[in-house]
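Below, read A as the first sequence line, B as the second, and so on, with proteins coming before strands; counting in each chain starts at 1.
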Amino acid sequence: MGDRVSLELLSDVQQFVFREARLQDDHQYQAWESLWTDDGVYWIPANGDSSDPEREMSIVYDNRSRISLRVKQLLTGKRHTQAPPSRLRRIVSNVEVLGTTDSGDIKVGANTMIFESNLRDDTIWATRNEYALRPQEGELRMAYKKVLLVNNEKALYTLSFLV
Amino acid sequence: MNVMTRASQWGELIRPDRVHGSIYSDADIFEAELKQIWYKTWVYVGHESEIPERDDFVVKSIGPQPVIMTRDKDGQVHLLLNRCSHRGNQVCLADKGNQRTFTCPFHSWTFANDGHLIGYAFPDGYQGQDKSQLGLGRVARVASYRGFVFGSFAAEGPSLEEHLGGAAETIDRLLATSPTGEIEITAGFLKHRVKANWKFILENECDGYHPAFVHASIFSVADSGIGSLYGAKSTAVTRDYGNGHTEVDLRPEFRRIGKPLGWFGTNTERLSDYAGKMRTAYGEQRADEIMIDGTPHVMIFPNLFIAEIQMFVLQPLAVDDTVQHVTALQFKGAPDMNRRMRQQTMGSVGPAGLLLADDSEMYERSHRGVLMREPEWIYLGRGLHRERRDEDGYLVGHATDEVPSRGIWNHYRRVMEAL
């Protein structure tokens, strides 16, 4: 994109993705869910970065109602794989405003490195994230989040925290 | 634990109502299983629809061994090992594709997709060499049951039909729920790794005792109707087909509900295209019977689990390292049904699955459990007092009884003792 990104926009975007990361690390499920627009799509592909989720299996391909179901399940406290919850810290970096989507949302890219410690072991995950963010009532909301795990072509351990 | 090569030892680890915990955790037992089960008996490898065209190939596995499933120029299916006969390099690095030959990148030896050596680079360096002795390694026997391809590393042994026995009927039942009588494996696989022995997974597939507890979280927030199938009052039955094949037969419950597609939590209005094609294919009455009964829930020993709308393939890599490969079943010619099967499968299984992530947590905890010293045994006596024979002579029990586990261990002991 030829246009320069304003510091204000970049700051808003960064604050948003950092806040999302913190809510995920801290298992603030409802606060995290409130970041989504009503038409949000949460997608974690498997088997590479270009599979078609309408034809092929994805690790997560949640529409808004399934995002809500996923959160409700976590909130029961009986989601065994998250009871006790994974201890998590993630670094979000390379936050970049990449332009606008066809529907006018702000297109954002970032990289993350996530350290997970749970009953099985300690695990490091690395991702490329793509977001579509939409200003709504004076705040940004997430209309789309795609998480490309670097190792999504391989067999993966359970990934039951919010990534 | 080299003593395990003596047959009598297995009887000390496997009793009618219990097994010793070390059978899941002992690395020498795992090595013995590779020899006696994975590299000898029939193991499910892949589905013919994954290689529909001539010269198609896809990389599958038998336990820790990667296996290239190819279709040659004459349409015949081969199971080849990915190891160059020269110095052991890998001749295939893609997961799937279409090619007539595989060329080793190390010294350019080239093999046809039926495994035979076509040629090597700079042939002057070899004199009088019989190329027919230098083909790729292969799985000795390949057999297909209605599109499901199995392999056996043993050149001789029971036929695939003998191995499947009564469980073959469950595959027939699955195919009957497709309006064309065919399924397709086209949606790609999720690969879910667990730090646990493969037999915890094998036994759990037809364990009807755990869902009420392991899956309580999702049953309490999603209106799935699955929970009641596995309650104390369920009329569903567990079944031991012999040869290690086990089933949870949910048809009694679905017949009690009596609604076409009730088994899938939907109805013929919402999947009208599928229902219409079923009625055209089978006639209204038969189609409705099939659509009431639904698809099977069956574990074909040792690694093929057909779970209503999805298929799992178990791949043990080490005594405490197992991969579950899982995909949505797809019925040829039923796009509305297929979409729903994909959506439900993606939600419930794989590393983030609303169901399977909890099962996998249990596998890992159980594995850590059997490493503890006491009480040594895994107790599998549930429902022993009420198991009975069905009209076909198979042992059946209540939906929550451990008939399947006991059936698996009976077979396991027999194959492990067969030295």
Between chain B and each of [options], count heavy-atom pairs under 4.5 Å; write down the option with the most.
options                     : result
A:K72, A:E54, A:H80         : A:H80
A:E153, A:M57, A:K154       : A:M57
A:S58, A:A83, A:G77, A:P53  : A:S58
A:N47, A:L74, A:V60         : A:N47
A:K78, A:R120, A:R70, A:Q82 : A:R120

Contact winner vs chain A - [options], heavy-atom pairs under 4.5 Å:
options                        : answer
B:L354, B:D359, B:T186         : B:L354
B:M362, B:K195, B:E361         : B:E361
B:L356, B:N338, B:L190, B:V326 : B:L190
B:A222, B:P351, B:G188, B:A196 : B:P351
B:S220, B:A216, B:A328, B:G350 : B:A328
B:Q330, B:R339, B:R365         : B:R365

Verify the ring-centre separation between B:H210 and B:Y230: is it less than 6.0 angstrom?
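No: the rings miss the under 6.0 Å criterion.
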
Tell me whether the centres of the aromatic rings in A:Y131 and A:Y144 are closer together than 6.0 Å.
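Aromatic pair excluded; centres sit 6.0 Å or further apart.
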
Salt-bridge contact B:R342-A:E56 (side-chain N to carboxylate O under 4.0 Å)
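Salt bridge flag = no for A:E56 with B:R342.
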
Taking atom OH as the centre, does B:Y209 end up with more than 12 heavy-atom neighbours from other residues, nucleotides or ligands that are less than 6.0 angstrom away?
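Open: at most 12 neighbouring heavy atoms sit under 6.0 Å from OH of B:Y209.
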
Quick one: does NZ or CZ of A:R66 land under 6.0 Å from the six-membered ring centre of A:Y42, within 45 degrees of the ring axis?
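Because its charged atom misses either the 6.0 Å distance or the 45° angle limit, A:R66 does not stack over A:Y42.
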
Show, in sequence, the C-alpha distance, side-chain angles and deciding distance for A:R141 and A:E139, and conclude whether the salt bridge (charged side-chain N to carboxylate O under 4.0 Å, His left out) test is met.
CA-CA 7 Å; A:R141 291 278 181 276; A:E139 291 185 52; 3.7 Å; yes

Classify the ring geometry of B:Y44 against B:F148: parallel below 30°, tilted from 30° to 60°, perpendicular beyond 60°.
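Tilted, since the angle between the ring planes falls between 30° and 60°.
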
Any side-chain donor-acceptor pair under 3.5 Å between B:Q324 and B:S360?
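The criterion, which ignores hydrogens and geometry beyond distance, is satisfied for B:S360 and B:Q324.
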
Verify whether one side chain among B:E203 and B:Y363 offers a donor that lies under 3.5 Å from an acceptor in the other.
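B:Y363 and B:E203 do not have a side-chain donor-acceptor pair below 3.5 Å.
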
Report which part of B:Q343 has an atom under 4.5 Å of a heavy atom belonging to chain A: side chain, backbone, both, or neither.
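Both backbone and side chain.
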
Part of A:T76 within contact of chain B (heavy atom distance under 4.5 Å):
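It is the side chain, since no backbone atom gets that close.
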
